[in-house]
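Here the structure comes first, spelled out in structure tokens, and everything after it is commentary.
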There are 2 protein chains.
Amino acid sequence: MAVDVVVLTIENREILALLVKVKTGPAAGRWAFPGGLVALQESLEAAARRELAEKAGVADIFLEQLFTFGDIDRNPIHRVVSAAYFALVPHERTHLRTGAKYAGIGWFPVKRLPRLAYDHNRVAETSLQRLRSKLSYTNIAWSLLPESFTIAELQEVYEVILDRPLDRRNFRKKVLDLGLIKPIASKRRGPHRPAQLYVFRSREPIISEIL
Amino acid sequence: MAVDVVVLTIENREILALLVKVKTGPAAGRWAFPGGLVALQESLEAAARRELAEKAGVADIFLEQLFTFGDIDRNPIHRVVSAAYFALVPHERTHLRTGAKYAGIGWFPVKRLPRLAYDHNRVAETSLQRLRSKLSYTNIAWSLLPESFTIAELQEVYEVILDRPLDRRNFRKKVLDLGLIKPIASKRRGPHRPAQLYVFRSREPIISEIL
DNA sequence: GCAAAAGTGTTGAGATTACACCCATGC
DNA sequence: GCATGGGTGTAATCTCAACACTTTTGC
């Protein structure tokens with residue numbers, strides 16, 4: 001029994017996935033999602049969090065079970081059943097570390113992934129679907145943003161994930177009406193009119209029609 | 001590694017779950033969802049289908065992965081990670097068989113389940129949530145109905161699962177406009193005006209706003 | 001003063017809800 | 001003929017989508 005962790009983030013208007021380079025075994029040399037065997041005295045979720053802390057240097061982020069992959073031939077040597085977990089992080093909070101176990105680590109655009117080890121391309125597909133579908137009825141997007149952010153930045157998260165432009169005025173109206181964010185006393189400055197910064201009223205997961 | 005199967009059906013305006021009575025081990029005497037260890041040369045889904053055929057006597061029905069429960073203390077003797085599967089059957093197609101493994105088998109209203117073995121009350125909760133949420137954006141309700149049915153019977157499925165009454169005229173309009181069902185040449189007779197029978201145009205799972 | 005992004009309301013179309021009467025059959 | 005569920009349309013409300021100009025800053 002193993003866990004794999006799909007860590008996604010957004011940077012530069014692209015969804016990125018965290019991959020590690022496999023060092024040993026039949027998949028050596030290929031990129032894969034970080035993961036490993038579950039210890040006997042460890043819950044599945046704890047194993048996923050451990051993996052996340054070791055490789056991405058992040059704790060206390062959005063993490064949920066994605067799907068359990070249990071086909072008999074997914075690993076050519078041993079029978080491995082693997083629970084995939086799905087995590088979202090604000091890009092600037094991550095600190096990648098290879099550790100001794102892998103030959104490399106890095107961020108890859110999910111739209112242009114290489115051929116991955118095992119059945120991990122399928123895992124990637126599943127996680128993208130999950131991200132898209134949860135976006136519209138939960139506040140999951142919050143997990144990809146820093147503590148404070150502008151409405152334009154929030155809208156960008158939605159546009160990148162849904163892969164289509166959204167109307168600026170309608171978006172602003174919608175998210176303000178939902179009452180999930182509140183303005184703070186500072187502004188984002190740049191070579192243009194400063195933008196109001198907001199924070200989330202609550203970091204709890206919420207289910208409600210968003211878009 | 002084990003699988004558990006939550007089989008739900010509707011009968012008499014109630015959602016029923018299929019439970020078996022555990023014969024041996026620390027949970028002996030308690031009711032639980034049917035399940036068992038996954039064979040080495042068997043995928044998770046195949047194991048779930050095998051369980052379903054053995055206990056409920058049904059094959060070729062709606063079945064999907066629900067959640068994998070992997071807490072360390074869910075079974076007091078051995079560490080068992082269990083992938084729960086979720087199945088829906090038309091009540092009249094089932095033929096219950098205990099088999100040698102269990103001390104009993106039966107249908108129980110999900111709203112009034114006894115205290116189940118292991119963490120199965122939690123499994124039951126999760127499956128009910130899944131049923132409710134999928135109802136509104138997929139054609140999952142079809143899986144609970146026989147080959148042909150009246151619109152009133154379809155509406156009853158929705159009302160029982162959502163636990164609220166729906167407007168008869170609006171429901172009829174909605175499902176006919178969706179174009180997923182078509183009338184056939186016969187009617188359901190009774191001590192009142194006969195009702196038009198319908199069949200599904202396709203039994204494939206469909207994702208679209210339903211209600 | 002100009003470039004660049006922020007901020008702001010209204011209107012029309014389509015969808016959703018609420019609601020009441022007649023119809024066809026079995027007994 | 002009466003009890004039972006089947007079948008049908010419309011109006012009012014709400015939601016969603018489309019759309020353009022003014023404001024504030026940095027340079």
Side-chain angles (χ1 to χ4, degrees), chain A residues 10 12-13 132-133 135-139 141 145-146 148-199 207-211, chain B residues 10-13 135-139 141 145-146 148-199 206-211:
Chain A
I10 290 187
N12 212 295
R13 294 196 74 98
R132 292 225 169 85
S133 78
L135 191 69
S136 54
Y137 67 92
T138 71
N139 60 351
L145 288 169
S148 66
F149 53 88
T150 67
I151 291 187
E153 288 160 1
L154 178 59
Q155 179 171 346
E156 193 180 301
V157 169
Y158 275 81
E159 292 185 334
V160 169
I161 296 175
L162 298 176
D163 199 22
R164 66 187 163 94
L166 299 173
D167 182 273
R168 207 152 49 88
R169 275 179 290 191
N170 292 339
F171 184 84
R172 167 178 298 264
K173 203 186 317 167
K174 193 66 165 285
V175 351
L176 288 177
D177 285 356
L178 278 170
L180 302 177
I181 61 175
K182 61 173 184 224
I184 58 176
S186 50
K187 310 225 168 199
R188 176 89 74 221
R189 309 191 72 82
H192 49 73
R193 176 170 177 176
Q196 180 63 54
L197 282 167
Y198 291 82
V199 297
I207 296 191
S208 91
E209 278 314 307
I210 311 254
L211 279 188
Chain B
I10 290 189
E11 166 83 329
N12 214 298
R13 294 197 74 97
L135 192 70
S136 55
Y137 67 92
T138 71
N139 59 349
L145 287 169
S148 67
F149 52 88
T150 67
I151 291 187
E153 288 160 1
L154 178 58
Q155 179 171 347
E156 192 179 302
V157 169
Y158 275 83
E159 291 186 335
V160 169
I161 296 174
L162 298 176
D163 201 20
R164 66 186 164 92
L166 298 173
D167 181 274
R168 207 150 51 86
R169 276 179 289 192
N170 294 338
F171 184 85
R172 167 176 297 263
K173 203 186 317 166
K174 193 65 166 285
V175 340
L176 288 176
D177 285 356
L178 278 171
L180 301 177
I181 61 175
K182 61 173 183 225
I184 58 175
S186 50
K187 310 223 167 200
R188 175 90 73 223
R189 308 192 72 84
H192 48 72
R193 176 171 175 177
Q196 179 63 53
L197 282 167
Y198 291 82
V199 297
I206 285 172
I207 297 191
S208 92
E209 278 316 307
I210 311 253
L211 280 187

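The sequence lines fix the lettering, A, B, ..., with proteins before strands; numbering per chain opens at 1.
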Task: Reference residue V175(B); test side chain to side chain contact (heavy atoms under 4.5 Å, CB included); the match among N139(B), N170(B), I181(B) - done: I181(B)
- [ ] Using only heavy-atom distances, decide whether a donor-acceptor pair under 3.5 angstrom links the side-chain of R193(A) to the base of dA3(C).
- [x] no
Task: Base dG7(D) paired with R168(B) side chain (donor-acceptor, <3.5 Å) - done: yes
TODO: Drop me the distance from N12(A)'s CG to E156(A)'s CD, to the nearest 0.5 angstrom.
DONE: 8.5 Å
- [ ] Tell whether R188(A) reaches the base of dA6(C) with its side chain through a donor-acceptor pair below 3.5 angstrom.
- [x] no
Open item on the list: With heavy-atom distances below 4.5 Å as the criterion, would you say the side chains of R13(A) and E159(A) are in contact?
Closed with: yes
Task: Min side-chain heavy-atom separation Y198(B)-L176(B) under 4.5 Å - done: yes
Task: OP1 or OP2 of dT25(D) under 4.0 Å from side-chain N/O of R189(A) - done: no
TODO: Please report, rounded to the nearest Å, how far the P atom of dA18(C) is from the NZ atom of K174(B).
DONE: 13 Å
- [ ] Spell out yes or no: do the side chain of K173(A) and the base of dT15(D) have one donor N/O and one acceptor N/O closer than 3.5 Å?
- [x] no
Open item on the list: Less than 4.0 angstrom between a side-chain N/O of R169(B) and OP1 or OP2 of dA18(C), yes or no?
Closed with: no
Task: Any donor-acceptor N/O pair under 3.5 Å between dT23(D) base and K187(A) side chain - done: no
- [ ] Would you kindly give the CD-to-C1' distance between E209(A) and dC16(D), to the nearest whole Å?
- [x] 13 Å
Task: Backbone N/O of L166(B) and side chain of Q155(B): donor-acceptor pair under 3.5 Å - done: yes
- [ ] For I151(B) and dG5(D), give me the distance from atom CD1 to atom P, rounded to whole Å.
- [x] 17 Å
TODO: Quickly work out the N170(B) CG to dA18(C) P distance and round it to whole Å.
DONE: 8 Å
Task: For atom CD of Q155(B) and atom C1' of dG7(D), their distance in whole Å - done: 13 Å
- [ ] Using whole Å, report how far CZ of R172(A) lies from P of dG7(C).
- [x] 5 Å
TODO: Please state how far atom CG in L178(B) lies from atom P in dA15(C), giving the value in whole angstrom units.
DONE: 12 Å
- [ ] Provide, to the nearest angstrom, the distance between the CG atom belonging to D167(B) and the P atom belonging to dT10(D).
- [x] 16 Å
- [ ] State which of dT24(D), dG6(D), dG26(D) makes the closest approach to the side chain of P191(A).
- [x] dG26(D)
